[in-house]
Student: 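Quick one: structure below, then a few questions.
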Amino acid sequence: MSAPSSATLWRERLISPLVWHYAGAAFLLLLTIVLGVRLGMDWSATHGHASDELAGKQVQLHALDLEIAPLRGLDKSVEQVRVQMGGFYSKRVPPNYSAIAGRVGDLQVKSGVRLTRVQYAQGKPGNDLTEILLDISISGGYPEILRFVNSIERDPMFFVIRAMSLTGQQGGAVNLRLQVSTWLRPADAVASGLPTKEELDAQNAQNENRQQNTQSNIQKEAR
């Protein structure tokens, strides 16, 4: 009698709406807990990835800032260099060939040396300037020679001494040969009509050959 009553009781409980309500509530609670745990794990992973990506972007931004730091104010530096170059051209670059020849003559007079030879030639044209080569021979006493050399080195017109050599000495006079460079603007160098270095060397070689032939003829006639 008790066994059938127990079975009947369980059947009544299983079909009871209250039991199914409790079971559904428990299932929903378990599902909520599982989803909450999963959401928390996903949020933690996403937040960590976002933090790493943000940190990486900040490092890249800092590195880029360090790279462009030397370029800040570059436009002002370029403009300053242009102004300085303009001042250099106007003050130290001669305007034409005549100015160079006139300046060398003035330095000769002021130093007291005797100018025995000056040859001018132009080098290869550059984008901004063309080199002008001076082959100068002077004679005089040591004080006058030193005064001329110092005057060229310190002259407001831009001269650069490339080489110098003693070519002889007679009594108290010294013969000195100087190879000097200055510069003209390309258009001024073309307008000067000066020969190129190669043309001048060829001309000097022809003159030397002519002199040697003349001496040889004189010697033959003397015999």
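Bear in mind that the values here come from a model prediction, so they are computed numbers and not experimental data. Atoms considered below: every heavy atom in the structure, side chains included; atoms not considered: hydrogens, waters and symmetry mates.
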Student: Going by distance alone, is a donor N or O of one side chain under 3.5 Å from an acceptor N or O of the other, for Asn150 and Arg147?
Tutor: no
Student: Cluster question for you: counting only ILVMFWY and a side-chain heavy-atom cut-off of under 4.5 Å, with indirect links fine, are Val113 and Val118 together?
Tutor: yes
Student: Are Ile100 and Tyr120 side-chain neighbours, meaning at least one heavy-atom pair lies under 4.5 Å?
Tutor: yes
Student: How close do Gly126 and Pro186 get, heavy atom to heavy atom, and via which atoms?
Tutor: O-CG, 3.5 Å
Student: Tell me whether Val190 shares a hydrophobic cluster with Val93, the cluster being built from Ile, Leu, Val, Met, Phe, Trp, Tyr side chains joined at under 4.5 Å.
Tutor: no
Student: Given 3.5 Å as the limit, does a donor-acceptor pair link the side chain of Gln122 with the main chain of Ile132, or not?
Tutor: no
Student: Any heavy-atom pair between the side chains of Leu134 and Gln119 that's under 4.5 Å?
Tutor: no
Student: Going from NZ on Lys197 to CG on Leu133, what distance comes out if it is rounded to the nearest 0.5 angstrom?
Tutor: 7.0 Å
Student: Same hydrophobic cluster for Ile152 and Met164, using side-chain heavy-atom links shorter than 4.5 Å among ILVMFWY?
Tutor: yes
Student: Please examine the side chains of Leu176 and Phe148, heavy atoms only from C-beta on, and report whether any two atoms are closer than 4.5 Å.
Tutor: no
Student: How far apart are the closest heavy atoms of Gly123 and Thr130, and which atoms are they?
Tutor: O-CG2, 3.6 Å
Student: Is Ile161 close to Val149 at the side-chain level, that is, under 4.5 Å between some pair of heavy atoms?
Tutor: yes
Student: Nearest 0.5 Å please: distance from the CD atom of Glu144 over to the OG atom of Ser139.
Tutor: 10.0 Å
Student: Could you tell me which non-hydrogen atom of Tyr97 sits nearest to which non-hydrogen atom of Ser192, and how far apart they are?
Tutor: CB-CB, 3.6 Å
Student: Is there a side-chain contact between Leu166 and Val174, using heavy atoms and a 4.5 Å cut-off?
Tutor: yes
Student: Please give me the minimum heavy-atom distance between Leu107 and Ser151, naming the atom from each residue.
Tutor: CD2-CB, 3.7 Å
Student: I'd like to know if Glu131 and Arg162 make a salt bridge, using a cut-off of under 4.0 Å between side-chain N and carboxylate O.
Tutor: yes
Student: May I ask you to test the Glu208-Gln206 pair for a side-chain heavy-atom distance under 4.5 Å?
Tutor: no
Student: Any chance you could measure Ile136, atom CD1, to Leu178, atom CG, to the nearest 0.5 Å?
Tutor: 6.0 Å
Student: Hey, does the side chain of Asp188 reach the backbone of Leu184 with a donor-acceptor pair shorter than 3.5 angstrom?
Tutor: no
Student: What's the spacing between Thr182 OG1 and Arg92 CZ if we round to 0.5 Å?
Tutor: 9.0 Å
Student: Does Arg117 have more than 12 heavy atoms from other residues, nucleotides or ligands lying within 6.0 Å of its CZ?
Tutor: yes
Student: Is there a side-chain contact between Ile138 and Gln108 (heavy atoms, below 4.5 Å)?
Tutor: no
Student: Side chain of Ser181, backbone of Val160: donor and acceptor closer than 3.5 Å?
Tutor: no
Student: Side chains of Asp155 and Arg103, heavy atoms from C-beta outward: is any pair under 4.5 Å?
Tutor: yes
Student: Checking Thr116 side chain against Ser137 main chain: does a donor-acceptor pair fall under 3.5 Å?
Tutor: yes
Student: May I ask whether Leu146 and Val180 are part of the same hydrophobic cluster, defined by side-chain heavy atoms of I, L, V, M, F, W, Y residues being less than 4.5 angstrom apart, directly or through others?
Tutor: no
